[in-house]
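Here the structure comes first, spelled out in structure tokens, and everything after it is commentary.
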Amino acid sequence: ITLRELEMIQNGELSLAAIRYSPTSFSTGADHDYFADDGAGDEYYTEVYGVFCAFDPSVSKQDPAKSPTTDSIMSQSEHCGEHPYTIPLREVMQAVRFHDDIASSYSSFNNSHKKMKQLQVSGLLFHEGYSGAGLLSNVLASAFNSTRVISEHVAVRDALGACDTIRNRHKSTNCSSAMQQRLVRDVVTLLSRTQDDATMSTSNKVEHFILKLSSASSAYLPELRFLYPHAQWTFLYRNADDALAKATQHKERRSACIMARRNPTRALTAKSTEHNINLESLSHHEICALRLSSLLDTAGREHDESGTGMLVSYDDDILSSSGGGGRVGNGAIIVDVILPYLGLQEDIDADPQGVRDRVEKVLSVRSNHNSRGARRRGKQRQDHDVLWDGEEVEITEEVGAASKVFLSESMDSITRFVNMEMLAAKIDSRR
């Protein structure tokens, strides 16, 4: 590690690409003599490293369909592929806090330092996979100058699942939730940093920081809600048969379910234990269905118990009536309901027709969701600029059977929550 590398991170020239940790990084009663130096008083994790490289998360604003996730953005960076730096994360956080604290105290920096600011998390996008979250994320990234959207960052996923991974792979329950939460907060802090340029016009200043989580990370919705209680959140879902068919459509997609069997989240473990289900005995369709049901249960329970969040149906809210035939419509519900809920009403009011036009443009283009697989094959898919004319989802017998057994009850619960909200809204409108 050199001072130059830390300065590049401080100035935003290097961005967090991934994290690495050991089986004892969050252990208690070990050699944990490091304590937080930010006044929180929490014990710190150890042996956690950040991988940093040069890429610009904001490129998704120009072409969100080409770069819908952080992984797809990094795949376009030669530096990330060949010259990443691995640095102890605690040292990085000390350097960043020092830099940003100084920056907040002075109106200007010298030529070698950029003034940076840390954005508060304003929105969290959860989903079960292939349910329109990518479309919503692309809208948020490209339709507004005031947003910073980080989509499916692997470091967030790995930080949230660290204790589950240690429990499953290393057979250890010695994993401090407080230390893990510290890691999640540190990762999100690094992702939230953006240049604080006083010369920028108000319309170009970034004010909204939104995290789109991977579908696997939806299992940790309560944990993120605990850390960021003021952030608005949505959970996107779709027809059970369609969701399962999309999740098992290709070998690469089924890998997420195979990983869930080998490294189940606490939510999936709890559900399998409650129903006396042996994960190893399930087919890949069945384990996928059970995994999806655990995500639906988690979102529905949090929504019901906390009275927060918005449950968004791909079929009813994204595929609006003017689309039809499996095609995305004109985005009316997104513009009139979902975006205001996420705190963007003032931005919409400033340019209502412009926002609607940009939303329609995003919804009309197919996203390149396969950048990771393409990178492994040494090529990049070029279908990101193809106009999307809808999709036909094939429901096989295996999909239908697994969906009926493992998904139907969870889907019914979500539907009841939504119907109750619609009824309550109608009653309020008549008062």
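On a predicted model such as this, the values are computed, not experimentally measured, just so you know.
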How many angstroms lie between CZ in Arg266 and OG in Ser294, if you round to the nearest 0.5 Å?
12.5 Å

Minimum heavy-atom distance Gln180-Ala162, with the two atoms named
NE2-N, 3.4 Å

Is it the case that the side chain of Ser75 and the backbone of Ser72 share a donor-acceptor pair, with hydrogens and angles ignored and the cut-off at 3.5 Å?
yes

Note: Phe144 and Leu140 closest approach over all heavy atoms is CD1-O, 4.1 Å

For Gln345, look at atom CD and say whether over 12 heavy atoms of other residues, nucleotides or ligands are found less than 6.0 Å away.
yes

Atom NE2 of His275: over 12 foreign heavy atoms under 6.0 Å
yes

Atom NZ of Lys361 with >12 non-hydrogen neighbours under 6.0 angstrom
no

If you count every heavy atom of other residues, nucleotides or ligands that lies below 6.0 Å from Gln62 atom CD, does the total exceed 12?
yes

Min side-chain heavy-atom separation Leu213-Leu224 under 4.5 Å:
yes

Can you name the closest pair of heavy atoms from Gln118 and Asp100 and give their distance?
NE2-OD2, 2.9 Å

Might you point out which heavy atoms bring Ile150 and Pro57 nearest each other, and give the distance in Å?
CD1-CB, 3.9 Å

Pairing residues for Ser313 by the side chain to side chain contact (heavy atoms under 4.5 Å, CB included) criterion, not counting sequence neighbours:
Tyr237, Asp315, Asp316, Asp317

Applying side chain to side chain donor-acceptor pair (under 3.5 Å) to Lys212 and Thr69, what does each step give before you reach the verdict?
CA-CA 9 Å; Lys212 179 205 170 193; Thr69 65; over 6 Å; no

If we ignore hydrogens and angles and just use 3.5 Å, is the side chain of Ser25 paired with the main-chain N or O of Glu47 as donor and acceptor?
yes

Using the ring of Tyr45 (Phe, Tyr or Trp, six-membered ring only), decide whether Arg90 places NZ or CZ under 6.0 Å from its centre and within 45 degrees of its axis.
no

If we ignore hydrogens and angles and just use 3.5 Å, is the side chain of His153 paired with the main-chain N or O of Leu16 as donor and acceptor?
yes

How about Tyr21 and Phe26: are their ring centroids closer than 6.0 Å?
yes

Can you sort out the partners of Arg225 under side-chain hydrogen bond (donor to acceptor under 3.5 Å, both in side chains), two or more places apart, ordered by chain and number?
Glu302, Thr308

Side chains of Leu89 and Leu190: closer than 4.5 Å at any heavy-atom pair?
yes

Hits for salt bridge (Lys or Arg N to Asp or Glu O under 4.0 Å) against Arg358, two or more places apart or cross-chain, chain-then-number order -> Asp351

Check this for me: does any side-chain nitrogen of one of Arg4 and Glu13 sit under 4.0 Å from a carboxylate oxygen of the other?
yes

Apply side chain to side chain contact (heavy atoms under 4.5 Å, CB included) to the pair Leu296 and Phe235, showing each step before the final yes or no.
CA-CA 9 Å; Leu296 290 169; Phe235 179 81; 3.6 Å; yes

What verdict does the side chain to side chain contact (heavy atoms under 4.5 Å, CB included) test give for Asn11 and Met116, after you've listed the backbone C-alpha separation in whole Å, the side-chain angles of each residue and the deciding distance to 0.1 Å?
CA-CA 7 Å; Asn11 293 333; Met116 305 289 289; 5.6 Å; no

Any non-hydrogen side-chain atom of Leu342 less than 4.5 Å from a side-chain atom of Leu125?
yes

Can you check side chain to side chain contact (heavy atoms under 4.5 Å, CB included) on Leu135 and Val139, steps first, answer last?
CA-CA 6 Å; Leu135 289 170; Val139 164; 5.6 Å; no

Can any side-chain N or O of Asn168 pair as donor or acceptor with the backbone N or O of Pro264 at less than 3.5 Å?
yes

Nearest atoms (heavy-atom pairs only) where Ala141 meets Ser60
CB-OG, 3.9 Å

Is Leu6 close to His99 at the side-chain level, that is, under 4.5 Å between some pair of heavy atoms?
no

OG1 on Thr234 to NE2 on His303, rounded to 0.5 Å
11.5 Å

Going through the distances and angles, do Glu152 and His127 end up as a side chain to side chain contact (heavy atoms under 4.5 Å, CB included)?
CA-CA 11 Å; Glu152 302 195 16; His127 58 102; 3.7 Å; yes

Are His285 and Val399 side-chain neighbours, meaning at least one heavy-atom pair lies under 4.5 Å?
yes

Residues in salt bridge (Lys or Arg N to Asp or Glu O under 4.0 Å) with Asp304, at least two apart?
none

Here the pair of heavy atoms bringing Ile395 nearest to Gly400 is CG2-N, 4.2 Å

Donor-acceptor under 3.5 Å (Ser293 side chain, Leu290 main chain):
yes

Which disulfide (SG to SG under 2.5 Å) pairs, counting each pair once, include a residue from residues 263-307, with sequence neighbours left out?
Cys257-Cys288

Determine whether a donor-acceptor pair (N or O, by modelled atom type, separation under 3.5 Å) exists between the side chain of Ser27 and the backbone of Cys175.
no

Interatomic distance, OG@Ser67 vs CD1@Ile73, rounded to 0.5 Å, equals 5.5 Å

Check: His208 and Asp347 side chains under 4.5 Å, non-hydrogen atoms
yes

Please tell me if the side chains of Leu319 and Arg238 come closer than 4.5 Å, counting only heavy atoms from C-beta onward.
no

Determine which pairs satisfy ring pair (Phe, Tyr, Trp, His ring centres under 6.0 Å) with at least one residue from residues 50-85, sequence neighbours left out, and list them in order.
His79-His83, His79-Tyr85

Answer yes or no: is there a side-chain heavy-atom contact under 4.5 Å between Tyr220 and Thr298?
no

Checking Asp164 against Thr265 for the side chain to side chain donor-acceptor pair (under 3.5 Å) test, could you report, in this order, the C-alpha distance in whole Å, the side-chain angles of both residues, the deciding distance, and whether it holds?
CA-CA 6 Å; Asp164 280 339; Thr265 64; 5.1 Å; no

Just how far is it from atom CZ of Arg182 to atom CG of Leu227, taken to the nearest 0.5 Å?
10.5 Å

For the backbone of Val149 and the side chain of Thr147, can you confirm whether one donor and one acceptor N or O come within less than 3.5 Å of each other?
no

Does Arg291 use its side chain to pair, donor to acceptor, with the backbone of Arg261 at less than 3.5 Å?
no

If only atom types and distance count, is the side chain of Ser151 paired as donor or acceptor with the main-chain N or O of Pro68 below 3.5 Å?
yes

Can you establish whether the number of heavy atoms outside Glu82 located under 6.0 Å from its atom CD is more than 12?
yes

Quick one: pull up CG in Leu339 and CD1 in Ile334 and give me the separation to the nearest 0.5 Å.
7.0 Å

Closer than 3.5 angstrom, by distance alone: can the side chain of Tyr314 be matched with the main-chain N or O of Ala133 as a donor-acceptor pair?
no

Asp71 CG to Gln76 CD distance, which is reported to the nearest 0.5 Å:
10.5 Å

